[in-house]
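In the text below, chain A, chain B and the rest are named by the order of the sequence lines, each starting its count at 1. Hydrogens, waters and symmetry mates play no part in the numbers below; they use all other heavy atoms, side chains included. Just so we're clear, the structure is a prediction, and the values are computed from it rather than from any experiment.
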Amino acid sequence: MTAVEHRFGPYGGQYVPETLMPALAELEQAWVVARDDPGYLEELQELLRDFAGRPSRLYRARRLSEYVSGPAHARTIYLKREDLNHTGSHKVNNAIGQALLAQRMGKRRIIAETGAGQHGVASATACALLGMECVVFMGTEDIRRQRPNVERMQLLGARVHPVEAGSGTLKDATSEAIRDWVTNVESTHYIIGSAVGPAPYPSLVRDLQRVIGDEARAQILEREGRLPDRVIACVGGGSNAIGIFTAFVGDPDVELIGVEAAGDGLDSGRHGAPLTVGGQSGVLHGSMSAVMQDAEGQITEAHSISAGLDYPGSGPEHAHLRDLGRARYVAVTDVDALRAFTTVTKLEGIIPALETAHAFHFALEEPSTSTLDLVCLSGRGDKDLAQVLERLGAEEL
Amino acid sequence: MSGFTESDHQRRRAAGEAGQVASEPLGEGAARIADAFATSGKRAALMPYLMGGFPSPERSLDIGLAYADGGADLVELGVPFSDPLADGPVVAAAGTAALRAGATVARVMEVCEGLAGRLPVVLMCYANLVLVRGPQVFAAALRDAGASGLIVPDLPMEEAPAVLAACDAAGIALVPLVAPTTPDERLHAIGARARGFLYTVSVTGTTGERAAPLGERVAQIVGRAKAATDVPVALGFGITTPEQASEAADAGADGVIVGSRLVREAAEAKDPAPAVRRVVAALAAALS
């Protein structure tokens with residue numbers, strides 16, 4: 001039994017109140033046992049296959065490939081279709097895996113944080129499936145801009161706990177979920193939705209999401225007989241990105257690109273791009289990583305049109321991959337993401353999540369000599385329609 | 001001031017590196033804290049919590065001085081942080097208000113300086129604010145501000161070595177926390193590393209007022225902590241009323257920490273200083 005990583009280079013760790021330390025040790029122990037337990041793995045694989053719809057498809061995006069190809073340079077873009085999973089995003093991979101783990105640990109109450117609502121919906125769904133109580137913490141601003149997902153969670157039997165603190169977004173929802181966990185730790189498992197938080201969460205979430213890249217690597221080898229030149233994914237906390245990157249980290253010729261939210265522009269300070277901007281690392285929500293903070297060390301508020309990228313922190317393994325030079329992080333503005341959102345919708349008949357639209361802008365508009373791209377289509381964009389319509393108006397669509 | 005020489009500090013650091021964490025010689029801060037516990041004249045020393053910079057830097061100093069006037073033996077001085085994971089709504093809201101009112105670490109250190117002449121100050125500060133400056137710079141600033149100790153509520157034993165070494169070198173007592181969920185073996189490991197006192201969390205949860213009596217479980221919580229350490233055991237989180245403070249002393253706690261009740265008083269009272277002094281005096285009377 002190998003242990004779970006607590007550190008990725010200088011990043012990671014367990015910066016949490018003492019009350020939670022035994023629960024983190026218990027979770028780590030449970031994961032170390034479960035991940036090698038055929039009973040757990042069989043049940044997980046059955047649910048991922050029959051309930052969530054895995055393996056997700058690898059789709060050769062014909063018109064997007066045409067869009068990026070010139071007379072002298074052909075590029076093919078493949079999409080890993082996590083949007084086709086049940087609940088509409090990659091979040092279900094992690095939610096089912098952790099809910100099953102909680103069941104094994106005898107915890108009947110689940111809490112989760114959510115930004116865009118995708119992780120909240122995935123957690124509420126897993127809890128309905130397994131007959132567990134579910135409370136989802138969500139910022140009031142996100143409740144406003146992701147209304148359909150709020151209604152879905154409530155229909156699924158979850159209680160949505162509004163969080164008014166701070167800017168009413170993902171950071172505040174996560175803080176409140178951690179406070180609930182400190183209080184109810186004996187009965188409750190916290191399903192953190194991204195590859196963030198104290199150890200063992202960044203490793204646990206990565207292990208549950210790496211199915212994305214494991215499948216995609218085999219699928220693209222089968223289709224193209226070669227690996228992609230680039231793998232591109234959006235990064236908020238970074239779970240879909242670490243999920244698709246992991247299978248390719250050992251392939252030095254595959255460029256890994258994480259796309260953060262530049263919001264109103266990196267110079268404006270209103271963004272969600274701590275990995276891209278760099279600067280001093282810091283502690284947020286239990287781990288040391290790239291964070292947005294002022295000179296004092298107070299965590300600052302992020303901004304992005306997409307609730308899932310509206311987060312001032314990042315997964316510690318991403319910070320480490322960045323420092324190693326193994327992955328590159330870039331940022332795309334609200335305006336560019338909106339344009340990519342409509343481009344992809346019109347050219348492929350796929351409405352991507354606003355989060356994913358950031359990755360699409362980079363893939364479609366930044367010049368590259370790549371001939372084969374793999375983009376993680378992390379989720380579908382139905383949840384974003386009201387917000388996009390409000391922002392663009394009918395004439396721009 | 002301190003009788004410690006540089007060679008004492010070096011010896012202590014060397015002992016820490018060798019893993020001999022028990023039976024440290026007392027640093028200057030730890031000595032002052034020990035003295036405050038020993039000479040309180042009460043059944044348990046009283047340590048009220050003050051949110052630094054709330055409602056404003058000047059008024060928070062007045063509130064801290066009122067604590068001293070009311071009979072406090074030590075003060076826990078909180079540094080406001082954007083994401084206080086261990087705090088309930090009252091302390092978290094005061095922190096947010098303090099930041100809006102312009103509180104900074106430097107201004108809270110000024111409050112510390114203003115109080116340190118009256119009673120020992122133990123700073124309560126979240127990890128990022130310490131780590132951004134660097135543990136050595138932070139500990140030196142604490143020493144210069146006259147502080148005696150430091151509590152970092154999101155820095156468990158595993159993450160603490162660098163901060164502990166820096167605090168030891170600066171003569172600042174790094175006070176660790178233990179919780180009802182902490183298993184015995186871990187409790188002993190934390191107790192052996194404790195400087196100043198062992199902050200014993202009375203409830204599984206965040207800070208905040210609780211109405212119910214502490215009840216029988218508190219004797220077990222305090223007893224377990226006392227068996228795990230040589231330093232005084234101070235009980236905190238959820239202690240609100242004089243009756244509860246008295247229960248904590250009856251259970252054998254060497255110190256009682258009261259936070260949210262006083263922060264709420266400071267938030268609600270028209271004239272906070274006399275109001276908190278009355279609350280502190282009632283708590284002190286219950287402990288005499």
Side-chain angles (χ1 to χ4, degrees), chain A residues 6-7 10 12-26 163-167 170-188 197-199 279-289 291-302 312-313, chain B residues 79-89 92-93 95-96 98-99 103-108 125-134 138 151-160 176-187 189-190 198-201 203-208 237-238:
Chain A
H6 281 213
R7 288 272 173 186
Q14 296 180 310
Y15 299 89
V16 293
E18 171 63 22
T19 303
L20 292 181
M21 291 300 285
L24 292 174
E26 181 193 6
V163 179
E164 282 182 30
S167 52
L170 182 53
K171 177 182 81 131
D172 314 299
T174 307
S175 293
E176 204 55 36
I178 293 173
R179 290 193 188 101
D180 180 291
W181 201 32
V182 169
T183 306
N184 300 299
V185 63
E186 276 145 15
S187 68
T188 298
Q280 193 173 3
S281 55
V283 170
L284 174 63
H285 296 146
S287 62
M288 171 77 71
S289 190
V291 300
M292 294 170 60
Q293 59 185 331
D294 64 16
E296 282 276 290
Q298 305 289 351
I299 306 300
T300 54
E301 287 175 7
Chain B
V79 181
F81 181 54
S82 53
D83 296 83
L85 297 182
D87 284 307
T96 304
L99 289 172
T104 60
V105 174
R107 298 194 81 168
V108 176
C125 184
Y126 282 87
N128 198 45
L129 302 178
V130 177
L131 299 177
V132 158
R133 279 161 189 77
F138 196 90
I151 301 165
V152 186
D154 55 347
L155 195 76
M157 178 174 71
E158 289 78 356
E159 310 295 352
L177 295 99
V178 293
T181 54
T182 307
D184 280 337
E185 196 180 323
R186 183 175 172 84
L187 192 71
I190 297 169
L198 186 60
Y199 194 132
T200 303
V201 176
V203 293
T204 302
T206 54
T207 60
F237 281 42

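- Taking each heavy atom of Ala92(B) and Arg179(A) in turn, the nearest pair found is CB-NH2, 4.5 Å.
- A heavy-atom distance below 4.5 Å is not found between the side chains of Thr204(B) and Val182(A).
- A distance-only check finds a donor-acceptor pair linking the side chain of Asn128(B) to the backbone of Val283(A) [under 3.5 Å].
- For chain A, no part of Pro89(B) is nearby; none of its heavy atoms comes within less than 4.5 Å.
- At a 4.5 Å heavy-atom cutoff, Thr96(B) makes no contact with chain A through either its backbone or its side chain.
- One finds a salt bridge joining Arg7(A) and Glu159(B) here, because a Lys/Arg side-chain nitrogen approaches an Asp/Glu carboxylate oxygen to under 4.0 Å.
- Of the residues considered (Val178(B), Asp154(B), Thr206(B)), Asp154(B) shows the highest number of contacts with chain A, using heavy-atom pairs under 4.5 Å.
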- prompt: Are Tyr15(A) and Leu131(B) close enough, and set up right, to give a side chain to side chain contact (heavy atoms under 4.5 Å, CB included), and what steps lead you there?
  reply: CA-CA 11 Å; Tyr15(A) 299 89; Leu131(B) 299 177; 3.8 Å; yes
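- Heavy atoms closer than 4.5 Å to chain B are found in the backbone of Ala295(A), but not in its side chain.
- If you measure heavy-atom distances from Pro156(B) to chain A, the contacts under 4.5 Å come from both the backbone and the side chain.
- For the pair Phe81(B) and Ile299(A), the minimum side-chain heavy-atom distance is below 4.5 Å.
- Proximity to chain B is limited to the side chain of Gln293(A), based on heavy atoms less than 4.5 angstrom apart.
- The only member of Gln298(A), Glu296(A), Gln280(A) that meets side chain to side chain contact (heavy atoms under 4.5 Å, CB included) when paired with Val132(B) is Gln280(A).
- In this model, no donor atom of one side chain and acceptor atom of the other lie less than 3.5 Å apart for Glu186(A) and Thr181(B).
- Proximity of Glu18(A) to Arg186(B): side-chain heavy atoms (C-beta onward) are separated by under 4.5 Å at one or more points.
- Looking at Ala86(B), the atoms closer than 4.5 Å to chain A (heavy atoms on both sides) sit in the backbone and in the side chain alike.
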